[in-house]
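Below: one structure, written as structure tokens.
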Amino acid sequence: MHEVSSPYLEPVLAEDFEAMLVIRIEALRESLERLGRFDPTRARARFEEGFTPEYMQHLTVEGERAGFITLRPYEDEAGPSLKLDHLYLRLKFQNQGLGAWAMAWAQARASARGLDIVLWALKDSAANRFYL
């Protein structure tokens, strides 16, 4: 595994939607195709529903957007927590430690607030191994 150098976070703006949609589709496409569920129209609609720039951060490496993370407040019967809605990396940035770096950032934010992180991952996705 090649480690990425100096990742950092950058705020998301409303006008970043299209570029972020491209990253999301690139990251999910193989898993969705394997399940017979890839539909670009549905992918756009689902991303629009959860597009909350105030809780999103671009993951940037050497001036290039490598992916993004969404960590937002969440509450259910178990109480308050933070929900990891999105953690998507462009294919060329996968398996280089950036996902682990982003998870460590999210865990530090949750720990500082005394909260747990909840998330859902696509069934049969390689992401499940990462999150476990």
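FYI, side chains are in, hydrogens and waters are out, and symmetry mates aren't considered; it's all heavy atoms of this structure. This structure is a prediction, so every number in the text was calculated from the model and none was measured.
Between Ile69 and Leu84, the closest side-chain pair of non-hydrogen atoms falls below 4.5 Å. Considering only heavy atoms from C-beta on, Leu13 stays 4.5 Å or farther from Pro53 through its side chain. Put simply, the side chain of Tyr55 reaches to within 4.5 Å of the side chain of Pro73, judged on heavy atoms. Contact of the Trp101 side chain with the Val61 side chain is not registered, since no non-hydrogen atoms from C-beta on lie closer than 4.5 Å. Looking at Leu87 and Thr70, their side chains never come closer than 4.5 Å, going by heavy atoms from C-beta outward. Side-chain contact between Leu9 and Leu59: present, with at least one pair of heavy atoms (C-beta onward) separated by less than 4.5 Å. Between Phe68 and Gln57, every side-chain heavy-atom pair lies at or beyond the 4.5 Å cut-off. Within the 4.5 Å cutoff, the side chain of His58 has heavy atoms near those of the Asp16 side chain.
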Q.
Between Arg65 and Met20, does the side-chain contact (heavy atoms from CB on, under 4.5 Å) criterion hold? Intermediate values first, please.
A. CA-CA 9 Å; Arg65 287 187 181 158; Met20 295 174 75; 5.8 Å; no
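Applying the side-chain hydrogen bond (donor to acceptor under 3.5 Å, both in side chains) rule to Ser81 yields no partners; only residues at least two apart in sequence or on another chain are considered.
Atom-to-atom distance recorded for Phe38:CZ and Leu28:CG is 9.0 Å, nearest 0.5 angstrom. One distance of note links CD of Gln107 with CG of Leu71; it measures 10.5 Å at 0.5 Å rounding. In this structure, CD in Glu54 is found 9.5 Å from CE in Met56, a value given to the nearest 0.5 Å.
Nearest heavy atoms, Leu21 versus Ala43: CD1-O, 4.0 Å. The two atoms that bring Gly63 and Tyr8 nearest to each other are CA-OH, 4.1 Å, heavy atoms only. When all heavy atoms of Leu89 and Ile23 are compared, the pair lying nearest together is C-CG2, 4.5 Å.
Pairs passing the salt bridge (charged side-chain N to carboxylate O under 4.0 Å, His left out) check and including a residue from residues 82-101, sequence neighbours excluded, read Glu64-Arg90, Glu64-Lys92, Arg72-Asp85, Lys83-Asp85.
Ring pair Tyr74/Trp120: centre-to-centre distance below 6.0 Å.
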For residues 44-52, which side-chain N or O atoms pair as donor and acceptor with protein atoms under 3.5 Å away, sequence neighbours left out?
unit_1	atom_1	unit_2	atom_2	d
Arg44	NH1	Glu18	OE2	2.9
Arg44	NH2	Glu18	OE1	2.8
Arg44	NH2	Glu18	OE2	3.2

